Amino acid sequence: MRKLIAEHRESDVSRIELLSLPGGAESFELAAQFCYGINFEITAANVAHLCCVSDYLEMTEEYSKNNLGSRAEEYLESVVCKNLEMCVEVLQQCENLLPLADELNIVTRCIDGIASKACVEQIASSFSRLEYSSSGRLHMTKQTKCEGDWWIEDLSVLRVDLYQRVITAIKCRGVRPESIGASLVNYAEKELIKKSSLMNQSNQTTVDLLSGASGQERLVVETIISLLPVEKFAVPITFLFGMLRSAVMLDCSVACRLDLERRIGCQLDIATLDDLLIPSFRHAGDTLFDVDTVHRILVNFSQLDDSDEDMDDESVFESDSQSSPSQMALFKVSKLVDNYLAEIAPDANLKLNMFIAVAETLPAHARTIHDGLYRAIDVYLKAHQGLSDPDKRKLCKLIDFQKLSQEAGAHAAQNERLPIQSIVQVLYYEQLRLRNSLFCSYPEDDPKPMHQSWRINSGARSAAMSPRDNYASLRRENRDLKLDLARMRMRLNDLEKDHVYMKRNLERSSSKKFMSSFSKKIVKLNIFARSSSRGSTSPSKHSQVSESKLTERT
């Protein structure tokens with residue numbers, strides 16, 4: 001103050017202003033009380049202000065012994081840095097003292113104190129869970145709740161930039177990913193959910209989500225996503241989907257959303273249908289749900305699967321990569337995707353290409369039964385009745401009619417929304433199924449046709465096999481069926497040629513003549529007859545009756 005007065009002695013100045021004084025008038029009053037010998041208590045609520053104001057006013061040891069600066073530093077080192085709650089409180093006070101508080105290392109020392117204390121608490125809680133088993137071995141009991149993570153609630157009061165620095169320091173100290181994830185979930189609830197609910201209760205005017213107050217929320221979302229642990233299951237998948245919805249709604253960075261989609265894709269098998277129903281926040285005329293985001297999540301999941309069909313069988317058994325999904329995970333995700341497709345199918349704005357892209361994302365061996373996919377396609381055909389015949393055929397190519405259950409096959413055979421080629425395929429496979437059921441009823445002494453089990457266990461999962469072994473078995477079976485699939489394509493090509501021929505007859509003749517020609521053509525094709533000629537026994541009378549009924553039906 002003497003220096004300031006001396007600088008303005010020649011000028012006619014009766015008032016001196018202390019510009020940018022840390023802590024304002026309250027801090028200056030504490031410094032003045034110290035100068036005049038008025039006792040006051042140094043606490044966690046004012047120690048940061050005292051350190052900053054003493055540095056600003058040059059109240060150091062150079063001018064007086066036991067000055068205000070040294071006393072505040074001593075309290076900070078000996079008391080505050082050894083107590084986690086006090087460190088958090090001092091960090092709160094430093095929010096209005098930056099950047100001076102950072103230059104004086106007040107923030108850094110408090111962050112180190114919090115990280116050290118959290119690490120010590122975790123080690124102590126781990127030791128408390130150690131106990132001896134009945135065999136005399138030392139093991140750790142299951143932790144139902146994070147007893148050593150009481151600091152999680154304390155950190156939720158920090159500003160997002162200081163909170164980010166604290167979590168980064170805690171990560172470097174080796175604190176459990178589950179504890180860090182719990183802290184992030186708690187902080188997100190405080191900063192996003194509770195604040196938004198308070199705004200709704202106070203009847204404030206709605207603010208544009210892409211401007212104003214949403215800027216702080218966007219910063220919070222991006223910061224939390226950047227702090228997520230790399231380990232799987234460190235945070236609940238519902239939390240990841242909630243953050244993804246917030247990121248889409250707040251228009252967060254592309255890298256932020258892609259990171260969330262990748263994390264969700266790694267554990268998609270534990271997701272639910274409600275998780276995938278992400279509302280679309282785009283312009284009017286778009287789909288009701290954000291299908292593009294879900295498609296990218298499915299791509300991330302499918303990329304985990306090594307679908308190289310040229311891989312040797314031995315490598316399939318030897319591979320033990322945790323990143324590759326098991327057959328059980330593929331089955332769960334395929335069921336989830338089919339339900340999702342059925343949910344979004346009635347949307348009039350859903351394009352055919354996007355519907356097909358979502359359905360084709362998973363590998364062929366993921367779906368063991370195609371009932372769910374058939375139901376979704378049927379809903380789409382019902383909601384989009386203006387589809388052309390080529391589009392219908394393109395859509396129905398997604399269905400493997402061999403993998404339909406008996407009920408779904410019976411429904412498909414009478415479904416007028418399906419193209420005629422698909423109905424013919426359904427009738428063909430239904431006939432094969434009927435023959436297989438008849439062959440199973442033969443006595444053991446009776447010879448059986450060679451091709452009665454041409455499709456053994458295709459798509460059926462054995463309960464006695466592990467998901468991993470079943471996955472390898474499905475791969476080998478897909479290779480074995482390549483030849484049969486090639487033959488099937490040739491038969492379908494023949495059917496398409498005959499279908500074109502029948503259309504020409506329709507233009508030339510009346511409807512009655514066409515039906516007669518159609519029946520004769522089906523008999524001529526004899527698509528339900530067996531091709532085996534190796535001396536197999538002729539079918540029973542019941543089989544002949546069934547074949548005649550199916551011929552009349554077609």
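When reading the values below, keep in mind they use all heavy atoms of this one structure, side chains included, and skip hydrogens, waters and symmetry mates. All values derive from a computational prediction rather than experimental measurement.
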What residues form a side chain to side chain contact (heavy atoms under 4.5 Å, CB included) with [X], not counting sequence neighbours?
X: N300; result: E261, R262, Q303
X: A366; result: L330, S334, L362, P363
X: D378; result: H411, N415, R417
X: K392; result: L381, L387, D389, P419

Please enumerate all residues that pass side chain to side chain donor-acceptor pair (under 3.5 Å) together with [X], with sequence neighbours excluded.
X: D269; result: none
X: R257; result: none
X: T168; result: none

Looking at [X] and [Y], would you say the former's side chain and the latter's main chain have a donor-acceptor pair under 3.5 Å?
X: S302; Y: L298; result: yes
X: H370; Y: I399; result: no
X: D275; Y: T272; result: yes
X: R218; Y: C252; result: no
X: K403; Y: R367; result: yes

Can you tell if the side chain of [X] reaches within under 4.5 Å of the side chain of [Y], non-hydrogen atoms only?
X: L418; Y: Y374; answer: yes
X: H365; Y: Q327; answer: yes
X: F289; Y: I278; answer: no
X: P346; Y: V379; answer: yes
X: E189; Y: V185; answer: yes
X: Y340; Y: I344; answer: yes
X: L155; Y: I170; answer: yes
X: D161; Y: R165; answer: no

ask   = Salt bridge between R375 and D371, side-chain N to carboxylate O under 4.0 Å?
value =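 Not counted as a salt bridge, because no side-chain N and carboxylate O are separated by less than 4.0 Å.
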Under the salt bridge (Lys or Arg N to Asp or Glu O under 4.0 Å) test, which residues partner D391, sequence neighbours left out?
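For D391 there are no salt bridge (Lys or Arg N to Asp or Glu O under 4.0 Å) partners, ignoring immediate neighbours.
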If you look only at distance, which donor and acceptor atoms sit under 3.5 Å apart when one is on a side chain in residues 221-230 and the other is two or more places apart or in another chain?
{"from": "E222", "atom 1": "OE2", "to": "S253", "atom 2": "N", "distance (Å)": "3.1"}
{"from": "T223", "atom 1": "OG1", "to": "L219", "atom 2": "O", "distance (Å)": "2.7"}
{"from": "S226", "atom 1": "OG", "to": "E222", "atom 2": "O", "distance (Å)": "3.4"}
{"from": "S226", "atom 1": "OG", "to": "T223", "atom 2": "O", "distance (Å)": "2.6"}

Starting at [atom1] of [X], measure out to [atom2] of [Y] and round the result to the nearest 0.5 Å.
X: K351; Y: I356; atom1: NZ; atom2: CD1; value: 13.5 Å
X: Q216; Y: L250; atom1: CD; atom2: CG; value: 11.0 Å
X: Q414; Y: L427; atom1: CD; atom2: CG; value: 10.0 Å
X: D400; Y: Q425; atom1: CG; atom2: CD; value: 9.0 Å
X: L288; Y: S280; atom1: CG; atom2: OG; value: 8.0 Å
X: L184; Y: F239; atom1: CG; atom2: CZ; value: 6.0 Å

Minimal non-hydrogen separation, [X] against [Y], with atom names:
X: A247; Y: L260; answer: CB-CD1, 4.4 Å
X: V235; Y: Q267; answer: O-OE1, 4.5 Å
X: A345; Y: A383; answer: O-CB, 3.9 Å
X: D290; Y: T293; answer: OD2-OG1, 2.8 Å
X: F301; Y: G265; answer: CD1-O, 3.3 Å
X: A413; Y: I423; answer: O-CG2, 3.8 Å

For this session: Please step through side-chain contact (heavy atoms from CB on, under 4.5 Å) for the pair L273 and E343, ending with a clear verdict.
Result: CA-CA 9 Å; L273 178 59; E343 191 71 25; 4.2 Å; yes
- Pairs satisfying side chain to side chain donor-acceptor pair (under 3.5 Å), at least one member in residues 237-249, at least two apart: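 Those involving residues 237-249 do not exist here.
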- Could you check F233 against I270 for side-chain contact (heavy atoms from CB on, under 4.5 Å), going step by step and ending with a plain yes or no? CA-CA 10 Å; F233 311 114; I270 61 175; 3.6 Å; yes
Return yes if a side-chain donor-acceptor contact under 3.5 Å exists between S183 and N186, otherwise no.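 No donor-acceptor contact under 3.5 Å links the two side chains.
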Take D286 and N349, measure what side-chain contact (heavy atoms from CB on, under 4.5 Å) needs, and give me the verdict at the end. CA-CA 6 Å; D286 200 357; N349 295 325; 5.8 Å; no
Taking only residues two or more places apart in sequence or in another chain, which ones pass ring pair (Phe, Tyr, Trp, His ring centres under 6.0 Å) with Y380?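 Counting only residues at least two positions away or on another chain, Y380 forms a ring pair (Phe, Tyr, Trp, His ring centres under 6.0 Å) with F355, H384.
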Return the set of residues passing ring pair (Phe, Tyr, Trp, His ring centres under 6.0 Å) with Y163 (not counting sequence neighbours), or none when no residue passes.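 Only Y187 meet the ring pair (Phe, Tyr, Trp, His ring centres under 6.0 Å) criterion with Y163.
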* So does E231 have more than 12 non-hydrogen atoms from other groups sitting under 6.0 Å from CD? ->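 Yes, because the 6.0 Å sphere around CD of E231 holds more than 12 heavy atoms from other groups.
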Taking it one step at a time, do V337 and V333 satisfy side-chain contact (heavy atoms from CB on, under 4.5 Å)?
CA-CA 6 Å; V337 171; V333 173; 4.1 Å; yes
